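Here the structure is a predicted model, which means the values were calculated and not measured.
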Amino acid sequence: MAIIARLAVFLSCIMLLAAPVMARGLQCVPYARDASGIAIRGNAYTWWDQAAGRYARGQAPRVGAVLAFSSVAGMRNGHVAMVSAVISDREVLLDHANWSRRGGIERGVRAVDVSEAGDWSRVRVWFGPVGGLGRTVYPTRGFIYRDAPEAAPAGPTDIARAATGPSDPRGISTLVAIDL
């Protein structure tokens, strides 16, 4: 009986010590936002669409970019992870949270592009419990970069408007021809 009581006290102490560690865990969204400086909020699967017009997006990995995972049955809120190193055009290291264990933070985790087109639309990611790349292939939307999106090229009307000279009091403008 005394052994059972001691075991119960020991286990309760372990649980008390583990609770604060679990409370400090993070979800992937606040971790990726803080680590990357990309100020997007909401579920991870919404990041790609939210980034349109605010941040540059693409299919090539860059250090500091966020890889946006799609929503799938086992990961309905999607996932986001920051690229910490580019190993090759088909392999990166990721920093992310809430992947291998609930609330856990992982740094330098291997991710491999397994898409046929080499466009990072399908990836496999290192998974702690198996100690290697997981078997699951996850669909992704692409990379969100910290820089602003490129401005759309000016159309003919914009060029003509920018090329007009000052008008005189009679409302006459001088149109300057520009050879593009």
Side-chain angles (χ1 to χ4, degrees), residues 24-72 74-100 103-126 136-167 173-180:
R24 285 193 299 259
L26 281 176
Q27 297 295 313
C28 64
V29 166
Y31 181 82
R33 184 175 48 244
D34 291 345
S36 70
I38 294 175
I40 296 179
R41 297 186 176 278
N43 287 330
Y45 74 88
T46 69
W47 275 45
W48 183 257
D49 292 334
Q50 287 189 62
R54 293 174 59 191
Y55 296 97
R57 303 180 305 171
Q59 304 311 120
R62 290 187 208 160
V63 172
V66 170
L67 180 57
F69 290 69
S70 299
S71 174
V72 294
M75 194 171 64
R76 72 185 196 312
N77 289 323
H79 186 71
V80 285
M82 188 191 76
V83 177
S84 57
V86 177
I87 306 303
S88 72
D89 60 340
R90 306 269 315 230
E91 184 176 348
V92 297
L93 299 182
L94 300 174
D95 291 354
H96 61 168
N98 206 32
W99 186 262
S100 291
I105 296 170
E106 295 174 303
R107 291 182 179 89
V109 171
R110 184 174 177 228
V112 177
D113 172 22
V114 294
S115 65
E116 288 182 23
D119 62 1
W120 286 89
S121 60
R122 297 169 47 84
V123 299
R124 288 178 57 210
V125 180
W126 186 87
T136 305
V137 174
Y138 294 96
T140 68
R141 305 288 301 275
F143 296 93
I144 302 169
Y145 312 115
R146 284 185 279 224
D147 36 326
E150 290 184 22
T157 305
D158 297 329
I159 292 171
R161 191 175 297 122
T164 59
S167 15
S173 294
T174 306
L175 180 61
V176 179
I178 300 174
D179 187 15
L180 299 175

Under 4.5 Å between any side-chain heavy atoms of [X] and [Y], yes or no?
X	Y	answer
W126	E106	yes
T140	W48	no
W47	V29	yes
R62	D147	yes
V112	V123	no
P61	L67	no
I38	R146	yes
I40	R54	yes

Interatomic spacing from [atom1] in [X] to [atom2] in [Y] - rounded to 0.5 Å:
X	Y	atom1	atom2	answer
N98	C28	CG	SG	6.5 Å
R57	F143	CZ	CZ	13.5 Å
R33	M82	CZ	CE	14.5 Å
D49	R141	CG	CZ	4.5 Å
S70	R122	OG	CZ	11.0 Å
N77	T46	CG	OG1	9.0 Å

Heavy atoms only: give me the nearest [X]-[Y] pair and the separation to one decimal.
X	Y	value
V80	A32	CG2-CB, 3.6 Å
Y45	S71	CB-CB, 3.8 Å
A65	Y145	CB-CD2, 3.6 Å
A85	V63	CA-CG2, 4.0 Å
Y55	G37	OH-O, 4.3 Å
G108	L93	O-CD2, 3.8 Å

**OP:** Return yes when atom CD of Q27 has more than 12 non-hydrogen atoms of other residues, nucleotides or ligands closer than 6.0 Å, and no otherwise.
**Re:**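 Atom CD in Q27 is not crowded, with 12 or fewer foreign heavy atoms closer than 6.0 Å.
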Original post:
Is there a donor-acceptor pair closer than 3.5 Å between any side-chain N or O of Q59 and the backbone N or O of W120?
Top reply: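 A pair under 3.5 Å: no.
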Original post:
Where do Y31 and D95 land on the side-chain contact (heavy atoms from CB on, under 4.5 Å) test, with the steps shown first?
Top reply: CA-CA 9 Å; Y31 181 82; D95 291 354; 3.7 Å; yes
Original post:
Step by step, would you call V125 with H96 a side-chain contact (heavy atoms from CB on, under 4.5 Å)?
Top reply: CA-CA 11 Å; V125 180; H96 61 168; 4.1 Å; yes
Original post:
Are F69 and W99 close enough that their ring centres sit under 6.0 Å apart?
Top reply: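 So the answer is yes for these two rings.
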